[in-house]
Asker: 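Structure in structure tokens, see below.
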Amino acid sequence: MADILIVEDDRTINELIRRTLTMTGHQGLPAFSGREALSVLEGKRIDLVLLDIGLPDMEGFALMRQIFREFSDVPVICVTARDEIPDRVKGLTGGAEDYIVKPFAMEELLARVQVVLRRFHKEQSCFHIRDVEIDLAGGCVKRGGVTVELTNREYELLKVLLLNKNIALSRERLLELAWGIDFYGDDRTVDVHIRRLRQKLGLEEEIKTIFRYGYRLEF
Ligand code: CA
């Protein structure tokens, strides 16, 4: 999966992001200053940079310009504190693919990372879980080599679970991500679709129920 450089001087946040990315199958590489970020970029091919704008040794936007000059094909997502919000526009016009405002939920970060990786064709699109094969690029799901017929909603739900693999998602969050924010549904809707997915794919073990909360796909 993708190699993602995390430029963030707050070690706790850096580690939290790194762990979240690792859980979903990416590799997170930490850098705690602009200088460290540049040295990682010198030594390794990076697929995406998460760039905190408030850095101790250089201005975040200056660093971003330097990254674009020297490593022109690396997409950047800016991370800004709430009081730097006017800078968001500057960040986007400066060439960032997206921005995210602190504090943020990890699922939100993951969703944005996924969108940018997809835009740059750097995301993993094929997944294998036991005898189930899911090809997100082709929109195709097979079990034991045979195509599984999923409804649009079941497919969306599966996609959300996959892209947040090993992360527990509440029923409300699943409704929001797989059905859309405007959907007026209740928790039972999620339960019914999860049950069908488990049956159709034979993933009763992997799609875990989190008591009084929601679900998590583990593999
Ligand atoms: Ca900072």
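Note that ligands are numbered from 1 as they come in the structure, with each ligand's atoms numbered from 1 the same way.
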Asker: Is I210 isolated, or which residues cluster with it under the ILVMFWY side-chain rule of less than 4.5 Å, directly or via members?
Answerer: Y213

Asker: How many protein atoms of type N/O/S are positioned less than 3.0 Å from the Ca ion (ligand 1)?
Answerer: 3

Asker: Applying side-chain hydrogen bond (donor to acceptor under 3.5 Å, both in side chains), which residue pairs with at least one partner in residues 193-205 are found, sequence neighbours left out?
Answerer: E154-K200, R198-T209

Asker: Does NZ or CZ of K208 fall inside the cone over Y215's six-membered ring, less than 6.0 Å from its centre and within 45° of the axis?
Answerer: no

Asker: With sequence neighbours excluded, what pairs up with L16 under the side chain to side chain contact (heavy atoms under 4.5 Å, CB included) test?
Answerer: M106

Asker: With a 4.5 Å limit on heavy-atom distance, are the side chains of V79 and I53 in contact?
Answerer: no

Asker: Does one hydrophobic cluster hold both V40 and L63, with members joined at side-chain heavy-atom distances below 4.5 Å?
Answerer: yes

